[in-house]
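Reviewing the structure listed below.
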Amino acid sequence: SLARYVTHPWLLDLRMQPPSTPNALLWLEAFLDGVADADLGPNRGIQCALLLDGYARSTAALSRDVTSREPAYSPSVVAVIAPLLRDRGATQVAEFLQSAAEDQQPAVEGVGEEVDFGLERIIDGIQQLVDRR
């Protein structure tokens with residue numbers, strides 16, 4: 001699903017809707033076949049598929065947005081925001097912003113370890129659902 005959005009970023013501009021195109025429906029069928037032994041039933045299986053597709057969609061959109069513009073945290077903006085954050089006790093966020101501004105790179109870089117981390121957490125949650133059944 002993520003590869004589909006990366007290859008065809010225009011899909012991110014379409015309104016979210018249940019799978020309705022032949023390829024999306026075939027992907028859904030393949031997913032349901034893959035989790036058939038988990039005995040989730042079609043409703044929970046479809047919910048899990050939509051969760052994973054939504055994660056892929058939001059990750060691809062974030063990647064597209066972050067990599068298509070200037071760094072989100074310019075030194076001049078951070079010079080104003082960081083002290084305000086520190087005064088309010090948000091020292092970790094202030095340090096993160098300071099590092100991002102000093103590196104002159106986007107605070108989040110494309111897809112990679114962050115995607116894998118999130119995907120593993122979703123799969124862990126689905127596994128707990130299966131284990132409770």
Side-chain angles (χ1 to χ4, degrees):
S1 235
L2 180 58
R4 176 184 64 200
Y5 290 122
V6 171
T7 303
H8 306 291
W10 55 268
L11 287 171
L12 297 168
D13 297 325
L14 298 177
R15 185 175 62 87
M16 285 285 296
Q17 62 185 19
S20 57
T21 64
N23 286 339
L25 291 167
L26 290 172
W27 176 85
L28 180 59
E29 182 69 20
F31 180 86
L32 293 173
D33 285 347
V35 298
D37 290 344
D39 196 31
L40 291 173
N43 288 340
R44 287 281 186 242
I46 289 172
Q47 289 171 341
C48 290
L50 293 176
L51 173 65
L52 288 166
D53 187 63
Y55 178 70
R57 182 184 180 91
S58 66
T59 299
L62 176 63
S63 178
R64 178 188 67 176
D65 292 349
V66 167
T67 58
S68 68
R69 61 176 83 147
E70 294 295 315
Y73 306 110
S74 70
S76 59
V77 171
V78 171
V80 173
I81 293 175
L84 295 172
L85 290 168
R86 285 187 185 95
D87 288 347
R88 290 180 172 90
T91 57
Q92 295 177 75
V93 174
E95 293 300 319
F96 172 77
L97 293 177
Q98 192 72 45
S99 292
E102 289 169 2
D103 291 345
Q104 288 295 302
Q105 295 177 10
V108 179
E109 296 177 10
V111 295
E113 285 184 28
E114 295 86 4
V115 173
D116 292 342
F117 176 81
L119 183 58
E120 288 168 5
R121 300 300 68 80
I122 291 171
I123 291 171
D124 288 347
I126 292 171
Q127 183 63 53
Q128 285 185 3
L129 175 67
V130 169
D131 291 346
R132 285 195 302 242
R133 294 188 79 66

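- Here the closest non-hydrogen pair linking L12 and R57 is O-NH2, 3.1 Å.
- Residues L85 and A94 approach most closely at CB-CB, 4.1 Å, considering heavy atoms.
- Hydrophobic clustering of Ile, Leu, Val, Met, Phe, Trp and Tyr side chains at less than 4.5 Å, counting indirect connections, unites L129 with I122.
- The CD atom of E95 sits 7.0 Å away from atom OG1 of T91, with the distance rounded to the nearest 0.5 Å.
- Atom CD1 of residue I46 and atom CG of residue D53 lie 12.5 Å apart, to the nearest 0.5 angstrom.
- Note that CG of L97 and CD of E102 are 11.0 Å apart. Values are rounded to the nearest 0.5 Å.
- Taking CG of L28 as the start and CG of D33 as the end, the distance is 9.5 Å to the nearest 0.5 Å.
- Rounded to the nearest 0.5 Å, atoms CD (Q127) and CD1 (I123) are 9.5 Å apart.
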Legend entry - Check against side-chain contact (heavy atoms from CB on, under 4.5 Å), C48 and L40: CA-CA 9 Å; C48 290; L40 291 173; 4.1 Å; yes
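- In summary, the side chains of D124 and Q128 do not present any donor paired with an acceptor at a separation below 3.5 Å, with no hydrogens or angles considered.
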Inset, instruction - Kindly determine whether L52 and L119 satisfy side-chain contact (heavy atoms from CB on, under 4.5 Å), including the steps that lead there. - result: CA-CA 8 Å; L52 288 166; L119 183 58; 3.6 Å; yes
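- Nearest heavy-atom pair across A49 and W27 is O-CH2, 3.5 Å.
- Between the CG atom in L51 and the CZ atom in R44 there is a gap of 12.0 Å [rounded to 0.5 Å].
- For the residue pair A101 and V78, the shortest heavy atom distance occurs at CB-CG2, 3.6 Å.
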